[in-house]
Number of protein chains: 2
Amino acid sequence: MKKFLKTDEWSIIEEEFNPTRIRESESIFSLGNGRFGQRGFFEETYSSDSLPGSYVAGVSFLDRTKVGWWKNGYPHYFSRIPNAPNWCGLYVRLIDEEVDLAVWDVNKFERKLDMKAGILYRDFEITSPKGNKLRIHVEHINSMDNQNISAIKYSVTSINYEGKISIVPYLNSDIKHESSNFNDRMWDTLRAETNREYAYVWVQTKRRDTQVCCAFTYQFFKNSKEITTSPIKIEKEKLTGFSIGADVKPGERVTLIKYISIISSLYCDRSEIVENTISESKKAKNQGWEILINDHCKKWEEIWQTADVEIEGDLEAQQGIRFNIYQLNQSYRGDDPRLNIGPKGFTGEKYGGNTQWNTELCCVPYFLLSSSKETAKNLLLYRYNQLPKAIENATKLGFKDGAALYPMVTFYGEECHNEWEITFEEIHRNNIIAYAITQFAAMTGDDSFIAKYGLEMMIAICRFWAQRISFSSLKQKYVILGVTGPNEYENNVDNNWYTNYSCIQTLKDTILYINKVAQKYPEEYQRICKDTKFSQHETELWEKMIDGMYLPIDEKTNIFIQHDGYLDKELKTVDDIPKNELPINQHWSWDRILRSCYIKQSDVLLGIYLYYPHFNIDSIKSNFNFYEPRTLHESSLSPYVHSILAARIGDIDKAYNLLLHATRLDLDDYNNELSEGLHITSMPGSWLAIVQGLAGMQIENNMLSFKPTLPLKWNSYTFNLNYRKRVLKINIKKRLINIRLLEGDELNINIYNTVYSISKGKETCIEVD
Amino acid sequence: MKKFLKTDEWSIIEEEFNPTRIRESESIFSLGNGRFGQRGFFEETYSSDSLPGSYVAGVSFLDRTKVGWWKNGYPHYFSRIPNAPNWCGLYVRLIDEEVDLAVWDVNKFERKLDMKAGILYRDFEITSPKGNKLRIHVEHINSMDNQNISAIKYSVTSINYEGKISIVPYLNSDIKHESSNFNDRMWDTLRAETNREYAYVWVQTKRRDTQVCCAFTYQFFKNSKEITTSPIKIEKEKLTGFSIGADVKPGERVTLIKYISIISSLYCDRSEIVENTISESKKAKNQGWEILINDHCKKWEEIWQTADVEIEGDLEAQQGIRFNIYQLNQSYRGDDPRLNIGPKGFTGEKYGGNTQWNTELCCVPYFLLSSSKETAKNLLLYRYNQLPKAIENATKLGFKDGAALYPMVTFYGEECHNEWEITFEEIHRNNIIAYAITQFAAMTGDDSFIAKYGLEMMIAICRFWAQRISFSSLKQKYVILGVTGPNEYENNVDNNWYTNYSCIQTLKDTILYINKVAQKYPEEYQRICKDTKFSQHETELWEKMIDGMYLPIDEKTNIFIQHDGYLDKELKTVDDIPKNELPINQHWSWDRILRSCYIKQSDVLLGIYLYYPHFNIDSIKSNFNFYEPRTLHESSLSPYVHSILAARIGDIDKAYNLLLHATRLDLDDYNNELSEGLHITSMPGSWLAIVQGLAGMQIENNMLSFKPTLPLKWNSYTFNLNYRKRVLKINIKKRLINIRLLEGDELNINIYNTVYSISKGKETCIEVD
């Protein structure tokens, strides 16, 4: 854990220039707008180590799989988000020197991300090797209002320099890819052109599946006066731009505003993409900086109105939760079922930008509870549209009759992971999709989605399990052999408790909804039976599996056994590991991790969280107290789940500490991996930890319920909640909960086992002990 | 299984040209001489698919590891035998056509490997696209007498062609590597030169660790008359040679003899390598073809005198066992402790030519029993010299205090494998090295090797186990978690029976020899204690582990349980698999293989074979009858072990079938992988299956013993045996065993529990029931 940012309510502030933390800061100061985004790399030249990543949503590259030893079933290709052309770049040149913070002395430096307004600022004073001093001020947005637009305002003030300052804004499609498998290039540049007033680069992925065009126009000012003299045009094979300069004396300033438009072929016909991109950048220039900023800020204001969580009395938590909400909302806007959320969003290339089960585990519940239901629906439709691919994935592994295995990582639906213990064995991922579908019905109160889309997925998933689960003659039980659970620090184990348990639930839920849909939506049911060749007979085996599933409990300790053999390990706790060996995934060899008792994220506790109403409080406590001290939280999906359970069993201190971990995972770089990007798809976990953990929100007997608690340090916290067409504002203070119904009809809410009727207009104030 | 070769006592004969079996035949017709070798690719141009591989012993290339996902502990480099410059090549040209069997019609074709003499012949008649007909005869040897020399005699007879025939012998260092990780080249060509009478190419691996020089001289004949006119010299950057021609009429013949010398920097100072290589090829030419062939054949005669196994009544087995003996002896000569035996010898690139545990399991016992003890000793010294690297390997994985983990695959001693389930977990490999050391003492009767070298390795191995074995509080037993056994169709299992059992034996044997060496070689003992910081206290924990090791038996069936959880699987047999799904490793996805009960090679039966005297016959039978029907023999190390056990439990039919499998594994391509090369290091298994299996050879109570049996089909079989400075010739007929002591002192031999004294000069003839 490394603290290097100033704590602030609404801003992320870096107060000094630290060349050893370049990549970390680039991750933190990433900007996005749902359509594209880039890491917070310096706009001007930086000649030392850095990861200048720019990414466009929905653009993927199929790279050839390369493994040590090929195993049958491996995918031949894996999808990766390619680093897009650099649209932010500019050079700042004096007569014979160029600004480069890796070379110049940095005298003052401040970088600030204003999360309320969505503006990134940079202010610094530098001295060149020849002694020329400059002061630079930068403002940067990726417009949330016009999602085709990014804009940069770059001002250079001379402190002691007299002479010409040139600013050279450019677009560059000659891009290296951090983790390219063969040092290959992923783009072909179709055209790169500089015209009188605009420049553009037009690129296509080498497999020709997507095009991107970037264009820009600009304004140039000396002091406050716009200068419109002809610039020098720059036009190379892969780089276009202008060189614009003015003579300055000490105290004088030049300013460049770069109006950039980025459009991909997902949103524009290829024949019109160049024209449209140029036209968008021109329009932005015509609007001008002020209006652009204004419209952008308004969007953020709207978002914050519903998305904000206010915490009184804890600046660290306040900053952390806002950072997570900010980053998630600029990564994904929920308006396009072709898009999903890359684990690093637009902040890095790790995991190839592919969709993972994080989406259903962590993002779908967040969006369900905090946004319009369309957002979550689009995420589920993404999976529905990929159902044929999921069936294909299962077929590749020898399954048949419409069985589906959703991929571990994917872009277009085909499995793209290539480690056998994950690709073939981390199959619990199938169940979270069924879970998310049932959550959609529970939170929205609308089961028509299941009739129209969800049930087909659920049946296909159950068909997979019906073939995958086997019967142990020895145990006289159904068993699931050779799996990897969510705790990826165990591979190829038998009877992973989470997998077995979530299978039972998936089979049960599917049978439940088969009957419900048959009754309530008979036409949809007929269609499903016809399309999927489903017959009720299939559920007979499912019922047997539900009844006969092996789920061992340790009699002595009353805990669910993580998997067969877990209790043969030396049962140490995380405290036994020397601090300098953490995170163990960066210090221990893989075999050592595997045979240790240490847990990346706890399978059992995750299962208890997801299916919470099934377990009694003693059992939850026993399991929490056994597994939590052995859990390393080296998965970003881990701390928030543990925080929620800790809150529910009344361990508020622990809940608070784990919440802080979840909330500031990236800000404080808990696992020493911030340089690779942010954990975008785990970020909503911190919101869930507040709402489902501290506030104790659940749906109990079909009624919304809360059991609010307050960390010692906090005075109060406030959040909005979407639930079955209502929007509620919840404010929790010590022994007091205020509820306001902002939208929707009156509803009953259970607070600590007392039911209150909440209706619009009046604030319900409830005292709790 | 594919039969495509003619069965013959002493030869391997291919009677037709089949372009779909090019790579398979290239593997079969490989030639080697211990220093270098090449696959049986055509000397002349062949423009279709082929693997023209040429390899030089002791030459390796360190290639960068490339895996899907990096795990801590993976080696950064892996060693690979690089395809060497092609020294066999020649072009055959008519006026405007070039011989190319991929293009020309092949009218007749025969390829024959005379294993007795070690000569490869090829005879074929071909018609060019223009109708020109030629008859070609080729003879090829890699001299076993002068190990620097390869020689080719290439005769072309015109059938209907009138005009010039040119033969263009060349050396080519512009080589592709079948399995290069990055399509990289592995060689730099230092010099390529053609002189008046010789040509050479001099190359160096890109990492500069090894050099190879190839040179050749030639003779050219028209009909029987040598022609010495000046040829056209060919000298390109990476290709050197001559073009030599003569005008022929139908019925006339031209012949080229290419005298090639190949020398690596292992055997020659780099400053003299070019000179020496040229000089060797000149010397060969001066000797001339007849003498070269004669000396070469004599060497083979010597080898066969002791190595041959004669089988009367079964041509298939006879051919197979000779093929295996032939191939092994041309791959490894036992004269250099820097060399080991690549799993494919000089017949392919798979497994990178690296040393594997096959050497100790299969090759060391064979050489111990069939050759001078120096051969086996050199193989063990190879491991002794790499002990520091084995300690380094263990250190990388977090072990300390001189613990050693011998590599899974290696060239110079560092681990070069990069699959975690093998690299980190197939650690039983350590034990076979200790086993081979104790076998050396048992078979030679000489324990000074252990005092000088072996004990240090054994202590280092035990130190590894002392740290790797853990204690299960639940079981109150020592357990070994997270391993892969010899049955690689199970990964990351707990308490693999073979691993646990062989650990006990290794610990026991080491304690035994510690005491023996302390007593018998006190000075060596002092040296070892000092060098390794060994203290007798260390054995206290070892003793506890020996006594407390977990080794479960299934009460119902009386079988040793392969590993924890094995009996939870659906216990089918191999007969249940559709034939078109075999071998499963080419048809099933990896997870399906893993969770099936199917066994690549049986761990338990291997353990019973290695530690045979520890088990009673009922237990052996139960285990054999349980595990053998579930074993796929998709490891080349499998069938011979099962054959030996089958013979010992009296199932001679089964023993015979498995012997035939082991013996003709490559000739009949049982596992559809012949194209990749031959299973050189498993080949001695078939010899062991005859000697240890059918003849029932064992050491019982420190005495050589036999329990001979005879397959129904056989009339008799005869083999030689080395045992404690004696050479015995054993002939087994129906109910009759003849033993002659060829060398060494009188000794007692136990035949079916009766002891006979065998002395030199007289043949001992024993009737058995």
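Every chain is numbered from 1 and lettered A, B, ... according to where its sequence line falls, protein lines coming before strand lines. Values in this document were obtained by computation on a predicted structure and should not be read as measured data.
Of the atoms belonging to B:Phe471, it is backbone heavy atoms, and not side-chain ones, that fall under 4.5 Å from chain A. Heavy-atom distances place the side chain of B:Phe399, and not its backbone, under 4.5 Å from chain A. For B:Ile480, no part lies under 4.5 angstrom from a heavy atom of chain A.
A:Tyr598 and A:Glu634 share no donor-acceptor pair across their side chains, judged by distance under 3.5 Å alone.
Your options are A:Arg468, A:Lys569, A:His587, A:Glu570, and the one with the most heavy-atom pairs under 4.5 Å with chain B is A:Arg468. Between chain A and the options B:Leu397, B:Leu571, B:Leu594, B:Asn72, heavy-atom pairs under 4.5 Å are most frequent for B:Asn72. Chain B forms more heavy-atom pairs under 4.5 Å with one residue of A:Lys477, A:His417, A:Lys556, A:Glu425 than with any other, namely A:His417. Contact tally against chain B (heavy-atom pairs below 4.5 Å) for A:Val493, A:Asn491, A:Asn418, A:Leu567: the top residue is A:Asn491. When each of A:Gln586, A:Glu490, A:Glu421 is checked for heavy-atom pairs under 4.5 Å with chain B, A:Glu421 comes out on top. When each of A:Val479, A:Asp494, A:Asn585 is checked for heavy-atom pairs under 4.5 Å with chain B, A:Asn585 comes out on top.
Residues B:Trp497 and B:Phe560 bring their aromatic ring centres within 6.0 Å.
Environment of NZ in A:Lys206: crowded, with over 12 heavy atoms of neighbouring residues, nucleotides or ligands closer than 6.0 Å.
Partners of B:Asp568 according to the side-chain contact (heavy atoms from CB on, under 4.5 Å) rule, which considers only residues two or more places apart in sequence or in another chain, are A:Ser472, A:Leu474, A:Lys475, A:Leu481, A:Asp564. Under the side chain to side chain donor-acceptor pair (under 3.5 Å) criterion, A:Ser470 pairs with no residue at all, not counting sequence neighbours.
No salt bridge links B:Glu415 with B:Lys396; every basic N to acidic carboxylate O contact stays at or beyond 4.0 Å.
Classification of the B:Trp420-A:Trp420 ring pair by plane angle, with boundaries at 30° and 60°, yields parallel.
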